[in-house]
Each structure stands twice: as C-alpha cells, then as structure tokens.
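Keep in mind the model is a prediction, meaning the values are calculated, not measured. In what follows, chains carry the letters A, B, and so on, assigned in the order in which the sequence lines appear, proteins first and then strands, with residues in each chain numbered from 1.
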There are 2 protein chains.
Amino acid sequence: MSPRRSAIAAKATRQAVIEETVSRASLAGLESVSIGGLADGLGMSKAGVIGPFGSKEALQLAALERAIEIFLGEVWEPAADAAPGLDRLRAVTDAWLDYLGRDVLPGGCFLTQAACEFDGRPGRVKEAVERALTRWQWLLEAEAQTAVSAGELPRVDPGQVAFELGAIAQGVNQARQLRGDELAVQRGRRAVLRALYLD
Amino acid sequence: MSPRRSAIAAKATRQAVIEETVSRASLAGLESVSIGGLADGLGMSKAGVIGPFGSKEALQLAALERAIEIFLGEVWEPAADAAPGLDRLRAVTDAWLDYLGRDVLPGGCFLTQAACEFDGRPGRVKEAVERALTRWQWLLEAEAQTAVSAGELPRVDPGQVAFELGAIAQGVNQARQLRGDELAVQRGRRAVLRALYLD
DNA sequence: CCTACCGATCGGTAGG
DNA sequence: CCTACCGATCGGTAGG
C-alpha cells in the first residue's frame, strides 16, 4: 500500500551508487570502477548496484552528470551573482582554483580525468564529456567577450582567453595529483592574472 | 651454434610488442591494453607477448620508457642545438606544439595520458611517470632560469614559466584529442608567446 | 615463441 | 535488492 517508501529508498540507493562511482572514478578512472568493486564497497550485491541503471555505460553517464553538477555547484554557483564580464571571470577562476586546491573528490577533477580517459574512445560517454567541456569553454568565452566589449580586457580573441584558463586548470590539477605539488594552486593564480591581463 | 640470430629476433619481438603497446596506450590508456589484445593484434600468442617482460607492469614500464624516448626525440632533440636560454625555449616549444599537432601517436601525447591515468594509483608506473614529468619540468625551468639571468626574460620565477608551458601543452592536447579542435595548436602558439613575454 | 591451462574477475541476467 | 549463475576475458604459468 505504500509505494512511496520503496520509491524513495530506491532513489537513495541509486544516489549512493552514483556518489561512490564518482569518488572512485576521480582516482582510477570511470572504466576501472567495476560493479563488483562498488558492490563490495557499498555492502551490496552486484545486481543491486547495476540494477537501477541497467548497464555500466548508463551508470557512467549518471556519474558524469553528477560530477558536472558538483563542478558547477563548486565553481559556477559561487560566481554566478558577480557582474558579467571581468568580475565574474575573476570570481569563476577564484572558485575554480579553490576547488582544485581543496580536493573535493579524492582523485582531483573528475572532468579532467574523464576527458583524458575517453578522448580516444568512441561512445556516448566520450560525447557527453566532450559536450560538457565544450559548454564550459563557451561559457568562459562568452564571459570574456563581455569583458572585451566592456573594455575590461584588451581586444583579444575571447576563445584564446577561455583556452588559456582551461589549460591553467589542467596544469594545476596534474601538478597536484601527480606530484602533490603544493605550489600548483599558487602558480595557477598567477597564471590566471596573466591570462586576464591583470598583472 | 648461433645464439646471435635468436637473440636479435628476440629483441625485435620485444620491440614490436613495445611499439604496439605505446600506440594502443595513447588511445585507451596503459591499463586498458591487454595482453590478449596485443597478441591478437600482433598475430602472436599471449605467452609470446608477455614472456619477454615477465609481467604486465614490466611491459608498462618498458612502454613508458619508449614513449619518453619518442617524446625527447621529437621535442628536445630538434631544439638541443639552439643557444641555451630564450632561443632554446622557443625551439623546444615550437617542436612541442608541432609534435602535438602531428599526432605522432594515434591518441595524442602518451605522457599526458599516462599522467592522468596513474596519478591516482600508487605503484612503480606512477612513480616513473612522475619522475619523467618532473625532470621535464626541471629542464624547462633551468632553461627559463638561463633566460632570466641573460636578461632575455623579466625577473620572473622560472618555475612559473615552466608551469605555464606545461599547462599550455596539456590544453592543446585535450582540445585536439577530445574535441578535434584544429585551432588548438594555433592557440597554444599564442599562449606560448605570452608565457615567454614575447608579445 | 607455441599450446593448453589456471583461478579470478569482468559485465550482465534469471528468478524470486 | 538478493542468490546463483552465464560466457568472456583478465594476467599469468607449465611444459615443451
């Protein structure tokens, strides 16, 4: 008589599987997260883990969606209220470097990891990663365009600014994750100042 | 009575396995290259593939070593004869961006791929990747230091210059491999000019 | 460098 | 969401 409770429980289970997948994937990559490993870690059966998704690819897509949500929550939302243009670009890059420095996920930025892992594999996951990073690039580009139009940046190609900011984030992530480089965020901040013509 | 011929043949086999591994790993990652897959691709048995190495980890280390050799041959050697300092830094970055634009390996830069893949996994492969990239960073840093001392660069932190150049290379590699962005090398060249204070 | 084989694990499903 | 199971593939080895 109460389908509610089980529907809520099912949703909570699904969410727990997704969170565990996102966390593990940031360390070892989405492809290396096995259904059996998740089942062990969550104290569930393999069927219980994969059932709500139907296939590993569907779970990967759900995990990617969640990772994008986390990224936007950490990097975009704190900056969304700033004035469009250079102010917001500074707010976004501040939040971005904070995010990279805090190790929100144990293995660093999920999206960078996923981009690396899937760039050479065809399929729906690769397409979804590509879409997410392309949209993020567009967002940065639009912000840079606004800044140029307002005279807050020199008359540069906004795509160039967006490219440089993305590159800096990758550089920071690699230096931190691979070498445990504690200076990386600091160097990232300096590089951002140059990319935004603020030094 | 002729151990030579078989020793030479054994070496050639070993080399063929390594080349195939490097090529496949640039696309899908070192961990995803399976011994069975290599055996199929090379028309050999699994035992024939893994025998010369003893373990998958040993094969991965050999492939990494070969990838470093390729990278240095493509990026450092063409620049090695330039005058130390800014000239050589320009020669290196020119060769580096050429290398990224030519898709020397089918999946782009092996070292960037390996750094991403292993940064969250402990072990000898991770340590070897870390060592290789740290040494490369040192080399760039030393070159930048020479340029600063010669007054060819402003009095900046040479480590900052090396960081920015590495970040640019990662940005170019991701844009090309994930999005097939044909503008990436061009944007990389512009970013290098800024990183070297040449614009 | 081959055939033949090992135990472990993979993603996924049937049936409850 | 569980148990019990499927065929395929994993890294690796014995023996030649």
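Counting only distance, with no hydrogens or angles, the side chain of A/E152 and the backbone of A/L86 share a donor-acceptor pair below 3.5 Å.
No hydrogens or angles considered: a donor-acceptor pair under 3.5 Å links the side chains of B/Q160 and B/E164. A/T146 and A/R88 share no donor-acceptor pair across their side chains, judged by distance under 3.5 Å alone.
The 5' end of DNA chain D is approached more closely, in terms of each residue's nearest nucleotide, by A/V49 than by the other of A/V49 and A/K46. Between A/S55 and B/M44, the residue whose closest nucleotide on DNA chain C is further toward the 5' end is B/M44.
Nucleotide C/dG12 holds its C1' atom 14 Å from the CG atom of A/L38, rounded to whole Å.
For D/dC1, the OP1/OP2 oxygens have a side-chain nitrogen or oxygen of A/T13 closer than 4.0 Å. Proximity of B/S34 to the phosphate of D/dC10: a side-chain N or O atom is located under 4.0 Å from OP1 or OP2.
Using a 4.0 Å cut-off between charged nitrogen and carboxylate oxygen, B/E127 and B/R124 do not count as a salt-bridge pair.
Looking at the side chain of A/I50, the nearest of the listed nucleotides D/dC1, D/dT13, C/dG12 is C/dG12. When each of C/dT3, D/dT3, C/dG11 is scored by its nearest atom to the side-chain atoms of A/A47, the top-ranked nucleotide is D/dT3.
Base pairing annotation: C/dC2 forms a Watson-Crick or G-U wobble pair with D/dG15, both donor-acceptor distances under 3.5 Å. Nucleotide C/dA8 has D/dT9 as its partner under the Watson-Crick or G-U criteria, with both atom distances under 3.5 Å.
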